[in-house]
Amino acid sequence: MCIDIVLADPYPVMLEGLTHVFEDSPEFSVKSCVRTGDAALQALEQHRPHILVMDLSLTQRSGLALLEDIKTKNLQTRPVVFTGAPIGEVMRALDLDVAGLVSKEKSKQVLTRCIKSVHEGGKWLDRDLTVKTMSLLLEQQKKNAHASHLLTPREMSVARMVTEGWPNKKIATKLFISEGTAKLHLHHIYQKLNCPGRMSLQRYMQEHGLM
């Protein structure tokens, strides 16, 4: 059976190379080649292909947003992520339950096998990428546990409020403490987490999933 595919990649050379690979194979029918997320969504709605081969680094509509749209709109196309995106983005793609994931470091033969497996209803996740993703996840969990261990429950509450943009006076009112005590808590938080100020603390809390 011929597999209908749409190709979406922001890099012209990569997109041209993928097009040649699949157009030269009788097993595949390339319905559209696009460079942006918006164009990819339009192509999916127009052609209803079996498979979308996509990079996460799409513009206009990001790859992650496109994956969410595919689920929200209940499109039957199954996405295969073929990417060199940072591990953090790959982790978010896995959270969206993609069926196919291949690193751009892998050969076209690997990508082809992935597409066939996903088309048959299976799942194909690049081992190297998933190992790196799990390693990053474990590292973040350790950092989160470390931060939770360093801060008292009250300090964690203050840190979250600061991250949400609350001024010291409002924090003090919410926690039924003086503004001076709120400032003292914040001073201790800065010291324990090695954050020089509010912006640094906000980044720390966001990066470590402590919001």
Side-chain angles (χ1 to χ4, degrees), residues 1-140:
M1 177 182 178
C2 188
I3 302 174
D4 295 337
I5 62 175
V6 165
L7 304 173
D9 196 290
Y11 306 107
V13 173
M14 178 61 71
L15 188 58
E16 184 178 347
L18 288 174
T19 302
H20 287 319
V21 167
F22 294 109
E23 284 186 340
D24 289 343
S25 172
E27 297 177 282
F28 301 97
S29 175
V30 179
K31 297 301 181 182
S32 183
C33 302
V34 298
R35 292 179 55 189
T36 69
D38 283 348
L41 184 58
Q42 291 174 4
L44 295 186
E45 292 176 333
Q46 178 182 351
H47 299 289
R48 304 286 174 170
H50 299 113
I51 300 290
L52 166 67
V53 180
M54 58 170 287
D55 193 343
L56 291 176
S57 304
L58 296 172
T59 57
Q60 295 182 3
R61 178 182 268 100
S62 71
L64 292 171
L66 181 58
L67 289 173
E68 291 176 348
D69 286 334
I70 291 171
K71 294 187 70 172
T72 302
K73 294 176 180 292
N74 199 28
L75 298 177
Q76 297 305 303
T77 298
R78 304 196 76 193
V80 168
V81 173
F82 183 53
T83 190
I87 292 298
E89 289 189 30
V90 173
M91 184 185 298
R92 291 177 63 189
L94 289 173
D95 287 339
L96 291 170
D97 198 30
V98 294
L101 176 65
V102 181
S103 167
K104 281 189 173 179
E105 296 177 356
K106 296 301 173 65
S107 67
K108 63 183 180 182
Q109 289 83 5
V110 172
L111 176 59
T112 298
R113 291 201 298 270
C114 170
I115 292 172
K116 290 179 179 179
S117 176
V118 170
H119 179 249
E120 292 170 358
K123 202 159 189 174
W124 181 296
L125 301 180
D126 187 298
R127 183 178 179 278
D128 293 338
L129 280 179
T130 51
V131 167
K132 288 179 182 177
T133 300
M134 290 306 298
S135 297
L136 179 62
L137 182 60
L138 290 173
E139 182 180 338
Q140 287 185 346

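For the numbers below, each heavy atom of this structure counts, side chains included, while hydrogens, waters and symmetry mates do not.
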Item checked: Partner residues of Arg48 under the side chain to side chain contact (heavy atoms under 4.5 Å, CB included) criterion, sequence neighbours left out -> Leu75
Checklist line | Results of salt bridge (charged side-chain N to carboxylate O under 4.0 Å, His left out) for Glu23 - residues two or more places apart only | finding: none
Note to self: Just verifying a value: how many Å separate Leu56 CG and Met54 CE, rounded to the nearest 0.5 Å?
What the structure shows: 5.0 Å
Next item on the list: Indicate yes or no for a side-chain donor-acceptor contact from Thr112 to the backbone of Lys108 under 3.5 Å, with no hydrogens or angles considered.
Entry: yes
Notebook entry, point to check: Just by distance, do the side chain of Ser32 and the backbone of Val6 share a donor-acceptor pair under 3.5 Å?
Noted result: no
Note to self: Rounded to the nearest 0.5 Å, what separates atom CD1 in Ile51 from atom SG in Cys114?
What the structure shows: 8.0 Å
Next item on the list: Specify the closest pair of heavy atoms between Leu58 and Asp55, including all atoms of both residues, with the distance to one decimal.
Entry: CG-O, 3.3 Å
Item checked: Set of residues satisfying salt bridge (charged side-chain N to carboxylate O under 4.0 Å, His left out) with respect to Lys106, sequence neighbours excluded -> Asp126, Asp128
Next item on the list: Evaluate side chain to side chain contact (heavy atoms under 4.5 Å, CB included) for Asp9 paired with Leu7, printing each intermediate quantity in order.
Entry: CA-CA 7 Å; Asp9 196 290; Leu7 304 173; over 6 Å; no
Note to self: Could you measure the distance from the CD1 atom of Ile115 to the CZ atom of Phe28? Nearest 0.5 Å is fine.
What the structure shows: 5.0 Å
Item checked: Leu18 vs Leu111, side chain to side chain contact (heavy atoms under 4.5 Å, CB included): CA-CA, chis, key distance, verdict -> CA-CA 10 Å; Leu18 288 174; Leu111 176 59; 3.7 Å; yes
Note to self: For Leu66 versus Ala40, what's the shortest heavy-atom pair and its separation?
What the structure shows: CD2-CB, 3.7 Å
Margin query: Minimum heavy-atom separation for Thr77 and Pro79, please, with both atom names.
Written below: O-CD, 3.5 Å
Next item on the list: Of all the heavy-atom pairs spanning Pro26 and Cys2, show the shortest one and how long it is.
Entry: O-SG, 4.0 Å
Next item on the list: Check Phe82 against Lys104 and note the closest heavy-atom contact, atom names and distance.
Entry: O-CE, 3.4 Å
Notebook entry, point to check: To the nearest 0.5 Å, how far apart are CG in Leu41 and CD1 in Ile70?
Noted result: 7.5 Å
Checklist line | Distance, nearest 0.5 Å, that separates NZ of Lys73 from CD of Glu68 | finding: 12.5 Å
Item checked: Gap between atom NE2 of His47 and atom CG of Leu52 - 0.5 Å precision -> 12.0 Å
Check: Is the number of heavy atoms from other residues, nucleotides or ligands within 6.0 Å of CD (Glu16) greater than 12?
Finding: no
Check: Which atom pair, heavy atoms only, marks the closest approach of Leu125 to Ala99?
Finding: CD2-O, 4.2 Å
